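All figures in this text were calculated on a predicted structure; none of them were measured in a lab. Values below: every heavy atom of this structure, side chains too, minus hydrogens, waters and symmetry copies. Order of the sequence lines sets the chain letters (A, B, ...), proteins ahead of strands, with each chain counted from 1.
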There are 2 protein chains.
Amino acid sequence: MPKADTKTKILDAAEMLFAQKGFDAVSLRNIVESAKVNLAAVHYHFGSKQTLLHKVVSRRFRPINKERLAMLANAKSNAGKHKLKLEAVLESLFLPIFRAQANPKAGKSFTRLIGRVVFDRNAELQKFMLNELTEVFVEFSKAFEEALPDLEKTDLDWRSHFMAGAMAHTLCNSDLLTRFTQTNANDSELETTIQRLIDFTAGGFRAKVSKTSKTNKNT
Amino acid sequence: MPKADTKTKILDAAEMLFAQKGFDAVSLRNIVESAKVNLAAVHYHFGSKQTLLHKVVSRRFRPINKERLAMLANAKSNAGKHKLKLEAVLESLFLPIFRAQANPKAGKSFTRLIGRVVFDRNAELQKFMLNELTEVFVEFSKAFEEALPDLEKTDLDWRSHFMAGAMAHTLCNSDLLTRFTQTNANDSELETTIQRLIDFTAGGFRAKVSKTSKTNKNT
DNA sequence: CATTAATTCAAACGATCGTTTAAAACGTGC
DNA sequence: GCACGTTTTAAACGATCGTTTGAATTAATG
């Protein structure tokens, strides 16, 4: 009991504070105060502040990415001989992580943290995230190509990145978004948020490619 | 000459470093070392680190926002009695800030910084940014409504935020994006980037609203 | 129960932080 | 050249930082 408890207390406090203020603005003393544990426990259990961050991220992100891949595989097998639907691919990507917001334990902290992490340029963290996301990148890239066979690779990649930005912004600022748009943050609204994001990004993926951007590729 | 130079040196160094590593991870000593000025000069010229950040942002962001508003006004007067085109609104919003990337002095630092700032949850900074962006919000909101008269206000707001995420991600990570997509970062590619972003976001704004998201609004 | 391993604790280390202070240096106008 | 204003400078302040250390406490094992 108490053995696992200190560690979890630290992880939870760190998750909340990193999400609120960012990695660099939160000290270990902030975390241990919030967690009501001793400062040296952080080094005992995690070794360093950086490692703590990685653990905070990976403890929830790994299962999420696993679920993403499972949902995608399911969508593929459901499609069978038909073409893989873009909306199914997008849902597989968004649903697991947005569902994490409904977790009463983590609530919005974790997803806010993930949204922030996407924008963080700390080299150590980028390396770590790339490692966490490699398989997701590979599999979803292939899935997007399959769902959008007529879209050129370069355009597909750019649109994937725009989509990632839209998703990260939504994850990171969902409380601001709901306040600004006067919608509620309950469970059913979560499905609505996801649907809204799917509508927007699917619309973006399917948008006609302007002549300018296509022509310029050949120069 | 030397009178303005120290101040500008500090601003330039801060811009670059804040963009690279974020506000909290960069110390004043990092900045003055890079700028080759004395530590106390920061307080003499700017008063505090926080104020320095605001000045770094506002010195370029204000003219950009001014230009955005001017371009929008121009687009409106060009439209005359016709409906304002969504693409014109988007271009007015994106072009001035993406053009800042072509500035050899600021290059990518400033836009990367703005991209990061959108995601920063520091209360002081959010207040400051809201102040800088109020007029842009108001005018562009109206313009989007005009360009998309059939889109419900709530859906419009959500899509505006998705668009903001896509834009911020692009601003923040443009070097990663160009490397990942194997495109070049020269001037003509800038126009291409903007066009790609317009294509995607316009596609998103015009996407059909799913039944689910609409129905749920009434519960 | 004794021994060993694991965990927690308080204190300290060496470093760095934003800010302040007062003196020195420089610039300006008469 | 002098008086005054502005800017730069080096040093210091009080605080905080991540990490380390060794002792105390607790848990596990035979």
Could you tell me which residues satisfy salt bridge (charged side-chain N to carboxylate O under 4.0 Å, His left out) with B:E67, sequence neighbours excluded, listed by chain and number?
B:R99
Answer whether the closest heavy-atom distance between the side chains of B:F94 and B:T193 falls below 4.5 Å.
no
Is the NZ or CZ atom of B:K49 positioned over B:F23's six-membered ring, under 6.0 angstrom from the centre and within 45° of the axis?
yes
CZ-CD distance between A:R112 and A:Q20, expressed to the nearest 0.5 angstrom:
6.5 Å
Hey, are A:N30 and A:S27 close enough side-chain-wise for a donor-acceptor pair under 3.5 Å?
yes
Protein-nucleotide distance (A:I31, atom CD1; D:dT19, atom P), rounded to Å
11 Å
What's the closest nucleotide to the A:A40 side chain, out of D:dT21, D:dT9, D:dT7?
D:dT21
B:Y44 vs D:dT7: side-chain N/O to OP1/OP2 distance below 4.0 Å
yes
Between protein and nucleotides 16-18 of chain D, what N or O pairs are separated by less than 3.5 Å?
from: D:dC17; atom 1: OP1; to: A:S27; atom 2: OG; distance (Å): 2.9
from: D:dG18; atom 1: OP1; to: A:L28; atom 2: N; distance (Å): 3.4
from: D:dG18; atom 1: OP1; to: A:K49; atom 2: NZ; distance (Å): 3.1
from: D:dG18; atom 1: OP2; to: A:L28; atom 2: N; distance (Å): 2.9
from: D:dG18; atom 1: N7; to: A:R29; atom 2: NH1; distance (Å): 2.8
from: D:dG18; atom 1: O6; to: A:R29; atom 2: NH2; distance (Å): 3.0

Assess the side chains of A:N65 and A:R62: does a donor N or O sit below 3.5 Å from an acceptor N or O?
no
Atom NE2 of A:H45 to atom P of C:dA5: distance rounded to whole Å?
18 Å
Please determine if a side-chain N or O atom of A:N38 lies less than 4.0 Å away from the OP1 or OP2 oxygen of C:dT7.
no
In whole Å, what is the span from the NZ atom of B:K7 to the C1' atom of D:dT6?
13 Å
